[in-house]
Amino acid sequence: MGVSGPIRVVVAKPGLDGHDRGAKVIARALRDAGMEVIYTGLHQTPEQIVDTAIQEDADAIGLSILSGAHNTLFAKVLELLKERDAVDIKVFGGGIIPEADIAPLKELGVAEIFTPGATTGDVVAWVQANVRELAV
């Protein structure tokens, strides 16, 4: 099954974190690179994020987490994707995520973590190189 059209990415801010400037910057960068971006806004539950990704036929979910709840939120999103038979949707994220938590998150199934200092170019290049690699 060949996938055509632009890569579709849901950019989401899960949890109680009220700071979305970084998420909006990433959303704009991905859009400027020719992707379709669905930005869900602030205070989304993992259930809302997964529902949106499935309804929008997204290729990936980008989570921006600054609240410190990254371990719980990533785990819940990945668990819901498994329950909904949607593990083909790649999950990546960024924000304030301690170095020590990155390897365990990747073992859990998070495809990539971008820490502060990553450029929008880094994120765009990673999405272009990795999101549809299995569908080709």
Side-chain angles (χ1 to χ4, degrees):
M1 176 177 109
V3 179
S4 61
I7 294 172
R8 294 176 62 86
V9 181
V10 169
V11 174
K13 291 288 305 180
L16 301 176
D17 179 5
H19 180 85
D20 67 350
R21 197 177 117 239
K24 286 180 173 172
V25 167
I26 294 300
R28 187 171 308 116
L30 294 172
R31 195 172 289 133
D32 289 350
M35 296 175 213
E36 286 184 20
V37 178
I38 300 95
Y39 176 60
T40 63
L42 291 170
H43 310 304
Q44 295 290 296
T45 66
E47 290 81 3
Q48 289 170 313
I49 293 164
V50 170
D51 284 347
T52 299
I54 290 169
Q55 288 164 8
E56 295 287 346
D57 199 23
D59 298 300
I61 297 172
L63 298 178
S64 170
I65 304 175
L66 305 171
S67 64
H70 47 272
N71 290 329
T72 308
L73 292 166
F74 275 115
K76 186 66 179 166
V77 167
L78 290 163
E79 178 188 315
L80 289 165
L81 287 170
K82 276 190 192 111
E83 284 174 15
R84 304 276 302 272
D85 243 350
V87 290
D88 56 321
I89 299 174
K90 288 206 177 178
V91 177
F92 66 96
I96 313 280
I97 297 171
E99 191 70 37
D101 290 345
I102 293 175
L105 286 169
K106 287 187 171 183
E107 284 170 28
L108 204 61
V110 178
E112 187 59 271
I113 299 286
F114 296 95
T115 52
T119 67
T120 54
D122 295 338
V123 177
V124 167
W126 181 86
V127 171
Q128 289 172 330
N130 293 281
V131 164
R132 282 210 185 141
E133 63 185 350
L134 300 176
V136 176

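Numbering of residues begins at 1 and proceeds along the displayed sequence.
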query: Picking from Leu78, Thr72, Leu73, Leu80, what satisfies side-chain contact (heavy atoms from CB on, under 4.5 Å) with Lys76?
result: Leu80
message: Could you work out, with salt bridge (charged side-chain N to carboxylate O under 4.0 Å, His left out) as the rule, every residue matching Lys82, not counting sequence neighbours?
response: none
message: Can you list everything that forms a side-chain hydrogen bond (donor to acceptor under 3.5 Å, both in side chains) with Gln48? Sequence neighbours excluded, please.
response: Thr45
message: Does anything in residues 8-40 form a ring-ring contact (aromatic ring centres under 6.0 Å, His included)? List the pairs, not counting sequence neighbours.
response: none
When the side chains of residues 60-68 are checked against the rest of the protein, which donor-acceptor pairs come out under 3.5 Å, sequence neighbours left out?
| from | atom 1 | to | atom 2 | distance (Å) |
| --- | --- | --- | --- | --- |
| Ser64 | OG | Lys13 | NZ | 3.2 |
| Ser67 | OG | Ala69 | N | 3.3 |

- request: Decide yes or no on side-chain contact (heavy atoms from CB on, under 4.5 Å) for Ile7 and Leu30, but give the supporting numbers first.
  value: CA-CA 9 Å; Ile7 294 172; Leu30 294 172; over 6 Å; no
message: I'd like to check the side-chain contact (heavy atoms from CB on, under 4.5 Å) partners of Thr52; sequence neighbours left out, ordered by chain and number.
response: Val10, Ile38, Thr40, Glu56
Would you list the atom pairs, donor with acceptor, under 3.5 Å between side chains in residues 93-117 and any protein atom, with sequence neighbours excluded?
| from | atom 1 | to | atom 2 | distance (Å) |
| --- | --- | --- | --- | --- |
| Asp101 | OD2 | His70 | NE2 | 2.7 |
| Lys106 | NZ | Glu112 | OE1 | 3.0 |

- request: State, yes or no, whether a side-chain contact exists between Val9 and Val131 at a heavy-atom distance under 4.5 Å.
  value: no
- prompt: Can you hop from Val91 to Val11 via hydrophobic side chains spaced under 4.5 Å?
  reply: no
- prompt: How would you list all residue pairs meeting ring-ring contact (aromatic ring centres under 6.0 Å, His included) that involve residues 90-113, not counting sequence neighbours?
  reply: Phe92-Trp126
field: Residues in side-chain hydrogen bond (donor to acceptor under 3.5 Å, both in side chains) contact with Asp51, at least two apart in sequence or another chain
entry: Arg84
query: Can you name the side-chain hydrogen bond (donor to acceptor under 3.5 Å, both in side chains) partners of Asp122, sequence neighbours left out?
result: Thr119
- prompt: Taking atom CG of Asp88 and atom CG of Leu81, what is their separation to the nearest 0.5 Å?
  reply: 8.5 Å
- prompt: Taking side chain as C-beta onward, heavy atoms only, is Pro14 less than 4.5 Å from Val77?
  reply: no
message: According to side-chain hydrogen bond (donor to acceptor under 3.5 Å, both in side chains), who are the partners of Arg28, at least two apart in sequence or on a separate chain?
response: none
message: I want to check something: taking the side chain as every heavy atom from C-beta on, are Ile26 and Val37 in contact at a cut-off of under 4.5 Å?
response: no
